[in-house]
Amino acid sequence: MDRVMVQKQRETYTFDRKLHPDSRVRDDQLKKLSEVVMHNAWKTSELETEIKGLVKYFPEKSTEPHFWDSKKGILHIVNTRGVMRKFRDTDLVESLSEILGRQLTLKVNNYKDDAAMAGKRFEEFAFSLVLEIFKGINPKDIVKSKEIVVMLGPHRSLKFNGIKAIRENTNEYLNYKILKLNNKLVICFDYIFADQARNILSQIYSMTSSYFLGVDLNIFHFGKIGILNPDLKVGDICIPIAALDEMKVVKGDFRTYPIYNQLEFNKKVSGIFRKSIAEEVHAGTTINMTSVLKQSKSSLEHGLKAGGDFLDMEWSVMASLDHGYHSNYPNLGSINYFFAGVGSDKPLEGKTLAETKYPREKEEKIAAAFLKIIESI
């Protein structure tokens with residue numbers, strides 16, 4: 001097969017994201033699992049009667065609640081995050097079937113029994129969350145600063161250094177904290193995934209345009225990324241200045257889309273960032289990926305041939321939202337992007353997300369550099 005992950009890597013990646021972290025419960029699942037029910041766009045609280053009494057757990061590398069019915073051999077998954085999360089879970093169930101050597105039944109329990117309604121509900125989750133944030137903000141702060149700062153990235157790598165959150169919330173869709181830094185409001189979202197980033201930003205743009213006039217949006221994003229360029233290594237800090245789309249590249253379409261990343265093109269910002277990072281920063285082209293388990297050597301080699309350096313799921317999704325944005329959000333000022341990531345895996349060399357460990361302190365360095373930039377600009 002042309003897959004990037006070998007059998008053992010697929011097993012590790014799949015088990016860590018779907019099965020119970022306790023080996024005794026995991027062994028029970030491996031013996032009895034016959035069916036997976038994905039509750040798509042439901043909230044856990046809405047399913048309490050159906051899944052009451054089952055073993056609730058969070059896999060070692062997943063934030064979604066899972067429920068194990070040992071008597072019936074059924075695993076229940078609650079997806080509150082987004083459409084791409086649904087596809088990732090579908091890939092994981094297919095992988096489980098292959099590993100276990102038996103075909104698992106996958107049932108998708110869409111919200112209101114309608115896939116389109118489920119997709120729409122993810123947008124509603126984003127709307128409700130952003131509305132909650134805006135209702136909790138003093139509008140005078142935004143009018144005074146003429147900007148809103150949004151930072152997207154794992155909270156565990158964001159060290160607040162004594163900065164207290166003026167508001168925060170933890171929920172199934174997405175966690176957030178609001179900071180006040182030099183009289184600027186900084187909305188910090190936790191680890192964000194694929195289409196979730198688009199939904200959140202589009203709601204922020206819409207509400208900012210609805211409530212204010214001429215307010216700028218400064219969008220910061222950090223996290224882990226895949227490495228494609230053979231000259232780069234796991235742990236390198238990388239910034240995108242262009243993007244390719246995996247599905248198009250496979251079909252021979254090598255068109256790149258620009259990402260006007262302030263970390264590269266704004267001299268002042270670039271200087272602050274590189275001084276704070278205090279190591280080489282690699283600028284290049286990212287490839288928007290859709291699946292980890294289905295990555296193939298041939299598709300990645302196509303991407304490398306097309307000029308791809310990194311692999312991610314958010315940067316081009318977010319950057320594409322500013323094309324012609326004034327026709328949708330006429331009262332917005334400018335939208336500025338600050339994107340950086342840490343290489344976490346190098347799949348063409350066999351170093352996959354199943355087993356590689358990247359230096360999380362590099363992620364912390366990026367977040368700290370972002371806070372310095374916010375203070376300075």
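Everything quoted here is computed from the prediction, not taken from an experiment. For reference, positions follow the sequence shown, starting with 1.
- By the 6.0 Å and 45° rule, Arg121 stacks over the aromatic ring of Tyr111.
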> Between Asn109 and Met38, is a side chain to side chain contact (heavy atoms under 4.5 Å, CB included) present by the stated rule, with each step listed?
Replying inline: CA-CA 6 Å; Asn109 175 25; Met38 184 193 305; over 6 Å; no

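- Between the side chains of Thr352 and Arg10, no donor N or O sits under 3.5 Å from an acceptor N or O.
- No continuous path of ILVMFWY side-chain contacts below 4.5 Å connects Met84 to Val108, so the two sit in separate hydrophobic clusters.
- Here Leu96 contributes atom CG and Leu106 contributes atom CG; the two are 10.5 Å apart, rounded to the nearest 0.5 Å.
- Considering every non-hydrogen atom in both Tyr173 and Thr80, the closest pair reads CD1-O, 3.0 Å.
- The two residues Arg88 and Ser62 have their closest heavy-atom pair at NH2-OG, 4.0 Å.
- Note that CG of Asn199 and CD1 of Ile204 are 11.5 Å apart. Values are rounded to the nearest 0.5 Å.
- Taking 4.5 Å as the limit, some side-chain heavy atom of Lys177 sits within range of a side-chain heavy atom of His155.
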> Can Asp141 and Lys180 be said to form a salt bridge (charged side-chain N to carboxylate O under 4.0 Å, His left out), step by step?
Replying inline: CA-CA 10 Å; Asp141 290 330; Lys180 201 165 186 180; 3.2 Å; yes

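- In this structure, Thr356 contributes its side chain and Ser344 its backbone to a donor-acceptor pair below 3.5 Å.
- Heavy atoms of other residues, nucleotides or ligands lying less than 6.0 angstrom from CG of Asn182 number more than 12.
- Across all their heavy atoms, Pro240 and Trp315 have their closest contact at CG-CE3, 3.3 Å.
- For the residue pair Glu147 / Asn218, a side-chain donor-acceptor distance below 3.5 Å is found, with atom types taken as modelled.
- Using modelled atom types, no side-chain atom of Lys224 and backbone atom of Val342 make a donor-acceptor pair closer than 3.5 Å.
- Taking NE2 of His302 as the start and OG of Ser296 as the end, the distance is 8.0 Å to the nearest 0.5 Å.
- At a threshold of 4.5 Å between side-chain heavy atoms, the hydrophobic network of Ile, Leu, Val, Met, Phe, Trp and Tyr places Ile133 and Met318 in one connected group.
- If you chain together hydrophobic residues whose side chains sit under 4.5 Å apart, Leu293 and Ile77 never meet in one group.
- Taking every heavy atom of both residues into account, Cys238 and Ile227 meet most closely at SG-CD1, 3.9 Å.
- No more than 12 heavy-atom neighbours from other residues, nucleotides or ligands sit within 6.0 angstrom of CZ on Arg156.
- Nearest heavy-atom pair, Ser291 versus Glu246, reported as atom, atom and distance to 0.1 Å: N-OE1, 4.5 Å.
- If you check the side chains of Ser270 and Arg274, you find a donor sitting under 3.5 Å from an acceptor.
- Criterion: ILVMFWY side-chain heavy atoms under 4.5 Å apart, direct or through other members. Under it, Leu131 and Leu201 are part of a common hydrophobic cluster.
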>> salt bridge (charged side-chain N to carboxylate O under 4.0 Å, His left out), that's the test. Do Asp89 and Lys18 meet it? Break it down for me.
In response: CA-CA 8 Å; Asp89 281 342; Lys18 278 288 149 273; 3.0 Å; yes

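- For Arg102, the CZ atom sits in a packed shell: over 12 heavy atoms of surrounding residues, nucleotides or ligands are nearer than 6.0 Å.
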> Between Glu172 and Lys43, does a salt bridge (charged side-chain N to carboxylate O under 4.0 Å, His left out) hold up when you go through it step by step?
Replying inline: CA-CA 8 Å; Glu172 286 184 279; Lys43 297 178 181 178; over 6 Å; no

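- For Tyr325, the OH atom counts as densely surrounded, since its 6.0 Å shell holds more than 12 non-hydrogen atoms of other residues, nucleotides or ligands.
- Taking the ring centre of Tyr13 as origin, the terminal cationic atom of Arg17 falls inside the region bounded by 6.0 Å and 45° from the ring axis.
- Ring to ring, His66 and His76 are not that close: their centroids are 6.0 angstrom or more apart.
- Here the OG atom belonging to Ser376 is positioned 6.5 Å from the NZ atom belonging to Lys268, to the nearest 0.5 angstrom.
- The OH atom of Tyr211 lies 10.5 Å from the CD1 atom of Ile142; values are rounded to the nearest 0.5 Å.
- Cation-pi geometry between Arg26 and Phe15 is not satisfied (NZ or CZ under 6.0 Å from the ring centre, within 45° of the ring normal).
- Residues Lys146 and Asp216 are not paired through a salt bridge, judged by the lack of any N-O separation under 4.0 Å between the basic side chain and the carboxylate.
- Nearest approach of Phe254 to Val249, heavy atoms of both residues: CE1-O, 3.5 Å.
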>> Would Arg24 and Asp22 count as a salt bridge (charged side-chain N to carboxylate O under 4.0 Å, His left out) here? Give the steps.
In response: CA-CA 6 Å; Arg24 292 168 297 179; Asp22 186 304; 3.0 Å; yes

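- By the 30° and 60° cut-offs, the orientation of the rings of Phe122 relative to Phe125 is perpendicular.
- Residues Leu19 and Phe67 do not share a hydrophobic cluster, defined by chaining ILVMFWY side chains whose heavy atoms lie under 4.5 Å apart.
- If you take CG on Asn288 and CG on Asp245, they are separated by 5.5 Å, rounding to the nearest 0.5 Å.
- Sparse packing is recorded around NZ of Lys112, with 12 or fewer heavy atoms of other residues, nucleotides or ligands lying under 6.0 Å away.
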